[in-house]
Amino acid sequence: MNFVDRYNFKVVEEKWQKFWNQNKTFSTKVDKNKKKFYCLEMFPYPSGKIHMGHVRNYTIGDVLARYKTLQGYNVLHPMGWDSFGMPAENAARQNNLDPKTWTESNIKTMRSQLKKLGLSIDWDKEISTCSEDYYKHQQEFFLDLYDKGLVYRKENYVNWDPVDKTVLANEQVVDGKGWRSGATVERKKLNQWFFNISKFSEDLLQGLDSLENWPNKVKVMQKNWIGKSFGCEVEFKIESEKPIESIKCYTTRPDTLFGFSFLALSVDHPLAKYYEEDKEFQKFKEECSKTGTTEESIASAEKLGFKTDMIAVNPLDKNMKVPVYFANFVLMDYGLGAVFGCPAHDQRDLDFAKKYNLKITPVVKPEKDKDFEINNEAYTGEGYLYNSDFLDGLKVPSESIIKTIEFLEKSNLGTRKTNYRLKDWGISRQRYWGCPIPMAYDENDQPIKIPRDMLPVKLPEIEKLSNTGNPLDSEDNWKFFILDGKKYRRETDTLDTFVDSSWYFLRFCSPHNLDRGFTQEEANYWMPVDQYIGGVEHAILHLLYSRFFMQALSYKNDDFKLKEPFDGLFTQGMVCHETYKDQKNAWLSPDEVTSEDGKEFYKKDNPSEKIIVGPTESMSKSKKNTIDPENIIKSYGADSVRLFILSDSPPEKDVQWSDQGMMASFKFVQKLWTLNSKILDKIKNTDEKNTGENLIKFTNHLIYKVTYNLEKFNYNVIVANLYEMYNFLVKEIDKPIKKEVLIENYKKILVLMNPFIPHFSNECLSSINEDQINWPKVSKEDLVEEEINFVVQVNGKKRSVIKVKRDIIEKDVLEKIKLNQEIKNFIKNQEIKKTIFVPNRLVNIII
RNA sequence: GGGCGAAUGGCGGAAUUGGUAGACGCGCUGGUCUUAGGAACCAGUAUUGAAAGAUGUGAAGGUUCGAGUCCUUUUUCGCCUACCA
């Protein structure tokens, strides 16, 4: 290979990026004559530099955006920054600077890194959630929601993260720990603002059914999170010396009421107030709070109870009286914080009953006429009621539950109830670097809205962030203000940053609009997002909040009726790498290790020290198994990186970073360039006539395959298709081909490559003077091969492949086979019992 | 405990949706060449067998002319979720 022939990706990629930038190639606006396509990847948090996860996410999205553009769609493909949040605040404290400065500098770095990837982004639409132009509108939406009664304030127990010193929503507590800090979450009573997301529980659940282009996995996760159940609230009369008349329980199994053997309350139940003086109860309550939150401790936690003086009466049988306990397994968060215990048909109740020697009465048996008893396992299956007085014989669960509820309702002993696990969304955060909540309090501590003409409520500039508590709380100049002669105190909490990301996709429709967050015209044109692409880690949090936000904006609003923000969702896998540790058990980055054979690894700066190679895990700073995209792009070029990140695994699965794989993609682009030179030579020098059938057929088939695989997100298969294309073309180019045929088909092939390696493709296209490019169409006629490979099976096993004319009929195939020695050997002289003929595919001969 | 998904060569993974299993890439083996490079090119590479052939998609059954693909049972792994009444 001649040195001059080498593909200089650096020059070419810079050239095209400059071209796209100067020509605003990817800038879009509403055009009602064109079909729109809104392609959106989850916008990044500006943490410092981009990582391989970003490269994968944005490459997947970019391939789609470029493909849709080539198909003639009006494509909206924007980028922005989820730029409020804790890390900025922490970094600011550490380095003694302003969160804004830190954030903006990160954005600058990451923007330039993303641009080097050659993404087809309309950079004129760039937004940043920490800018006043953005959060002004957010404050307005907050007031809109407040006016619709979807925002309220209440004091209750909250999940308190002692490290981040802030409140967390239920969804943000993972295994009892803060989702970001990892600190064990404490319980604390605080006054908080809430979005009434639970009002939309049913709509959010129902809406899932309409999302056909979402992964089922994500829909199931949201469904479980919303946690709908159908049951009954039952009222139990209480006999006690205390002034307690009755206790209500929520149950999904009222049909097992005759198996009632105790009633259990959460230690946080309102009635606990009557026992708070009791030393024994205090001890018990403390014991409960000690129960760990790890998987094992929950699974193995012993059922504990505190027996009260209360006696509960079974509403179905006044003579059935059972003790009332406080129990450690009853949660105040779910239902009514009280459960009726039926040990025979609930494992927890059985464990509890055994421990405290309570009565165990089975009321469901699997078979009507057989005896049944309960030992160590509760029976939760289907069957028939017995030991249940007038309910005996009812089929469980189909008719037993509804019949029991009907009876309870008729007798005023209970009411049917649909229950949801989804709780309202607590949105107050005791942080500085977030969107100020546009509320204030008067001298009587009554909340008032900040008048809309005073928006945005801007964050004050703070020279030095305090180390404890909420920084805004100590900013007296900002905190207090006078309005109409009255003194007010501002709300000093800021909004959960998940609010910022709950409507940014709407802002992209009208990024520069001043008076509202978006215009009806633009939102109605662009929304919903046709394809949303991001990590599955947002399956519940971000995606549920965004769906809620759309519901909330549509609620009591005649102008805006969109309910689902994301029509299609694609969740991509993570980028993984081997992990390395030295002899002292310290993590090492891939840069710090070296290997001759790929099996034994040694430390670079100490070649005698052997490295322990650990399992392949998703890239993370803490394990040091990261690869810096910037270095990789510098060494190999954006096209090669894009190609590699798509090549080794299906996009929805994890992909393993491999240096050899990266190298292979790099070499492939180089080889394509060499091929390109050959083709250009051929175009100049060829004068063959009427040849090129092979190329036409091949290209046509390639268009079919690449298009099909693009629609199905099989990007890794397309990379393989492109390798096949190279292997074919590199041989074919030595044969005679008519000039026009070569140009026309090569052009189509270059367009097929365009979404994947756009710089290379554009460079080659311009060298054959093509700048107006469209996605090529498949010619259905040419897909049909005249001569096909036809499989001959004997007793279902492939024995031979013969070449036949297309649409050959069975009789002719059988004629041919008679002459085929291979097949004759298998059939010998045996009688053919039957033949199965699949047109244009195979024949199966049964002997 | 509950839910979802996966299992195919040494590795990552294909398979027109019930019809030629292993495309394509990595790795490996042999060879060619020389401007010794991050080379390039050619041939080979599921197992077994000298060959014909036989076997082969986690395991065991089943449906079918035909199963990686559908059904039943089972094992292992991954992810999510959890005292949810």
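Just so it is clear: chains get the letters A, B, ... in the order the sequence lines come, proteins before strands, and each one is counted from 1.
- As judged by a 4.0 angstrom heavy-atom cut-off over every strand, A/Ile846 is placed among residues touching the sugar-phosphate backbone only.
- Residue A/Asp349 is classed as having no contact, given no heavy-atom separation below 4.0 Å to the nucleic acid.
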Open item on the list: Checking A/Phe713 against A/Tyr715 for the ring pair (Phe, Tyr, Trp, His ring centres under 6.0 Å) test, could you report, in this order, the C-alpha distance in whole Å, the side-chain angles of both residues, the deciding distance, and whether it holds?
Closed with: CA-CA 5 Å; A/Phe713 277 103; A/Tyr715 294 175; 5.5 Å; yes
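- Ring planes of A/Tyr704 and A/Tyr708: parallel class, angle under 30° (limits at 30 and 60°).
- Comparing the P positions of B/G68 and B/A15 gives a spacing of 15 Å, expressed to the nearest Å.
- Put simply, CE on A/Met663 is 16 Å from P on B/G25, counting in whole angstrom units.
- Among A/Phe644, A/Tyr636, A/Trp673, the single residue meeting the ring pair (Phe, Tyr, Trp, His ring centres under 6.0 Å) criterion with A/Phe666 is A/Tyr636.
- In this structure, A/Phe713 atom CZ and B/G13 atom P are separated by 19 Å, rounded to whole Å.
- Side-chain atoms of A/Lys816 and A/Val792, non-hydrogen and from C-beta on, never get closer than 4.5 Å to each other.
- Within 4.0 Å of A/Ser658, counting heavy atoms only, lies no atom of the nucleic acid at all.
- For the residue pair A/Lys803/A/Asn789, the side-chain donor-acceptor check at 3.5 Å is satisfied.
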N/O to N/O distances under 3.5 Å, protein versus nucleotides 3-11 of chain B:
none

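- Applying the 3.5 Å distance criterion, the base of B/G19 shares a donor-acceptor pair with the side chain of A/Gln793.
- When the salt bridge (Lys or Arg N to Asp or Glu O under 4.0 Å) test is applied to A/Glu810, no partner is found at least two apart in sequence or on another chain.
- Among the duplex regions that RNA chain B forms, those built from at least three successive Watson-Crick or G-U pairs under 3.5 Å are B:1-7 with B:75-81, B:10-12 with B:24-26, B:27-32 with B:40-45, B:46-48 with B:53-55, B:58-62 with B:70-74, ordered by first number.
- Counting to the nearest Å, the P atom of B/A67 and the CD1 atom of A/Ile836 are 12 Å from each other.
- Atom CG in A/Leu702 sits about 15 Å away from atom C1' in B/U16, given to the nearest Å.
- In this model, a donor atom of one side chain and an acceptor atom of the other lie less than 3.5 Å apart for A/Ser229 and A/Tyr250.
- Rounding to whole angstrom units, CG of residue A/Leu842 and P of B/A15 are separated by 20 Å.
- Classification of B/U17 as syn follows from a glycosidic angle within 90° of 0.
- The side chain to side chain contact (heavy atoms under 4.5 Å, CB included) test with A/Arg253 singles out one residue from A/Val396, A/Thr404, A/Val363, and that residue is A/Val396.
- Counting heavy atoms of neighbouring residues, nucleotides and ligands inside a 6.0 Å radius, atom CD of A/Glu377 does not exceed 12 of them.
- Contacts of A/Val655 with the nucleic acid, taken as non-hydrogen atoms under 4.0 Å apart, are absent.
- Under the 90° criterion around 0 for the glycosidic angle, B/G9 counts as syn.
- One atom, CG of A/Asp333, and another, P of B/C84, lie 13 Å apart when rounded to the nearest Å.
- Judged by atom type and distance alone, A/Tyr636 reaches the base of B/G38 through a side-chain donor-acceptor pair under 3.5 Å.
- As judged by a 4.0 angstrom heavy-atom cut-off over every strand, A/Lys797 is placed among residues touching the sugar-phosphate backbone only.
- No side-chain N or O of A/Thr579 forms a donor-acceptor pair with one of A/Asn625 less than 3.5 Å apart.
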